[in-house]
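Comments concern the structure below.
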Amino acid sequence: MTMNICVIGTGYVGLVSGTCFSDIGNNVTCVDLDERKIKMLEDGEIPIYEPGLKELVAKNVQAGRLSFTTDLAKGMKDAEVVFIAVGTPPKENGEADLTYIKSVANSIGEHLEKYVVVVTKSTVPVGTGKMIKDIIKSKSAVEFDVASNPEFLREGSAIYDTQNMDRAVIGVESKRAGDLLTKLHEPFNTEVVLTNIETAEMIKYASNAFLATKISFINEIANICEQVDADVTEVAKGMGLDPRIGEKFLQAGIGYGGSCFPKDTRAIIQIAEQANYDFKIVKSVEDVNNAQRLRLVDKLAKALGSLKGKHIGVFGLAFKPNTDDMRDAPSIDIIKEIRNQGATVLAYDPVASENAKTMIDQLQVSEDLYGTVKDADAVLILTEWDEVKGLDLTKVKEMMRGHVIVDGRNVFDLDTVKQLGFYYDSIGRRVVNNN
Ligand code: UGA
């Protein structure tokens with residue numbers, strides 16, 4: 001069944017899900033206030049870096065199923081489902097800022113002409129669905145339903161995640177809306193969790209908070225491993241084989257970054273606080289995460305004696321591979337601290353350098369992978385790009401002045417770096433010391 005869909009907001013969530021909904025045969029109009037973005041999309045350009053997205057957008061535009069506009073009235077005309085996928089950035093206190101959501105709800109109310117289901121895809125605090133309903137109702141007498149359909153895609157594999165979603169969470173108040181949204185998800189061949197709006201909103205935060213907890217948990221295990229001669233990668237493997245634990249999200253490193261986990265953990269702490277509940281676990285998860293980044297700088301200082309006057313080559317700036325997203329990337333805090341301690345930095349990232357320059361003052365970047373480590377006293381690994389994993393370490397060593405690698409992503413095999421004569425410190429594994 002083909003549906004007419006309007007998606008408001010062309011960020012990661014809106015653009016990817018809108019495109020994937022069109023790819024399964026629906027007519028999708030993506031609306032954004034940002035004229036520059038819409039112009040780019042109309043010209044076949046993609047405002048974000050996401051593998052495969054450009055091709056998929058082009059395919060569906062060509063098929064006449066996907067279009068872009070700044071005009072909400074045009075987008076909503078004939079729409080049976082309207083998705084809200086605008087940003088909910090954190091406020092100073094961690095609470096989600098609902099300014100964009102409220103303004104979109106007002107506009108929807110103003111343009112409502114016939115029954116639609118208004119679905120929130122943005123990550124919003126529990127209770128937002130009801131608030132959207134009240135706003136629209138205050139503007140229009142036309143019948144409509146509200147619903148919640150949180151998004152679980154990951155940046156860098158957003159299309160795969162959407163096309164192969166492991167569940168569709170659909171929170172509704174009416175059977176009519178539930179039936180429509182269940183139908184819409186049928187081609188994805190996925191398990192549908194049909195529930196009320198508040199529960200759907202909570203599933204999103206609980207999922208992200210749990211994944212963040214898993215990461216901070218394994219990072220703490222790693223920190224203990226370092227003290228007791230255990231190897232965290234093997235600990236994670238041994239734990240992960242228990243299906244109740246699962247092997248995923250047990251990679252120790254420099255902690256989580258990005259636009260979701262830092263924001264959503266803070267938001268769920270706020271949601272709990274407003275419900276008079278002290279969410280102790282997630283507060284600790286945050287503390288561990290903040291400290292984990294800086295442990296890497298301590299490792300570097302330990303390896304070099306002091307950072308003063310030293311030169312460091314950095315591989316990777318993005319918060320994870322396959323994205324140019326620098327939001328809350330651990331590299332920001334790490335590079336700042338290295339420079340505070342008196343070292344200079346030259347950094348390489350295949351796609352995030354330009355974004356990084358806007359977030360790290362006077363950042364020196366290299367276009368040339370091996371040139372990054374020329375005359376470096378030490379090399380720091382912050383993002384596990386394939387290019388970084390595939391580095392020819394013999395060449396790296398020839399280019400460097402020193403022989404120290406501090407690896408925040410456990411990219412290299414300990415025996416290999418030992419044979420090559422490196423001092424190599426990673427996360428939760430023994431230090432290889434060829435001194
Ligand atoms: C995350 C969730 O994985 C998605 O399900 C969710 O939809 C999304 O947030 C969101 O709420 O929009 P994303 O932020 O794109 O997706 O990235 P992840 O792949 O989850 O990685 C997050 C961070 O955790 C990265 O910094 C990564 O390096 C770190 N991480 C991940 C680890 O340190 N160890 C791991 O084992 C896994």
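Read the numbers this way: they start at 1 and go in the same order the structure lists the ligands and their atoms.
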request  = Determine the interplanar angle of the Tyr277 and Phe279 rings, folded into 0 to 90°, and report it as parallel if under 30°, tilted if 30 to 60°, perpendicular if over 60°.
outcome  =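 Judged by the thresholds at 30° and 60°, the geometry between Tyr277 and Phe279 is perpendicular.
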key: Short N-O contact, Lys299 and Glu226, less than 4.0 angstrom   =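 Salt bridge present between Lys299 and Glu226.
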key: Residues Glu273 and Lys283 bridged, charged N to O under 4.0 Å   =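 Salt bridge between Glu273 and Lys283, a charged N being under 4.0 Å from a carboxylate O: yes.
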task = Verify side-chain hydrogen bond (donor to acceptor under 3.5 Å, both in side chains) between Ser366 and Asp368, making sure each step is shown before the conclusion.
result = CA-CA 5 Å; Ser366 161; Asp368 167 25; 5.5 Å; no
task = Taking the six-membered ring for Trp and the full ring for Phe, Tyr or His, determine whether the centres of Phe83 and Phe21 are under 6.0 Å apart.
result =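 Yes, they do, as the ring centres are separated by less than 6.0 Å.
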Report all N/O contacts between ligand 1 and the protein shorter than 3.5 Å as a table of atom names and distances to 0.1 Å; if there are none, say 'none'.
residue, atom, partner, partner atom, Å
ligand 1, 5 (O), Phe152, O, 2.8
ligand 1, 7 (O), Glu151, O, 3.4
ligand 1, 7 (O), Phe152, O, 3.1
ligand 1, 7 (O), Leu153, N, 3.2
ligand 1, 7 (O), Leu153, O, 2.7
ligand 1, 7 (O), Lys204, NZ, 3.2
ligand 1, 11 (O), Lys204, NZ, 2.7
ligand 1, 11 (O), Asn208, ND2, 2.7
ligand 1, 15 (O), Glu155, N, 2.8
ligand 1, 15 (O), Lys320, NZ, 3.3
ligand 1, 17 (O), Lys320, NZ, 3.1
ligand 1, 19 (O), Lys320, NZ, 2.9
ligand 1, 26 (O), Gly257, N, 3.0
ligand 1, 26 (O), Phe319, O, 3.1
ligand 1, 28 (O), Arg409, NH1, 3.0
ligand 1, 34 (N), Gln251, O, 2.9
ligand 1, 36 (O), Leu250, N, 3.4
ligand 1, 36 (O), Gln251, N, 2.9

ask   = Do Met400 and Lys395 come close enough that some side-chain heavy atom pair is under 4.5 Å?
value =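 Contact flag for Met400/Lys395 side chains = no.
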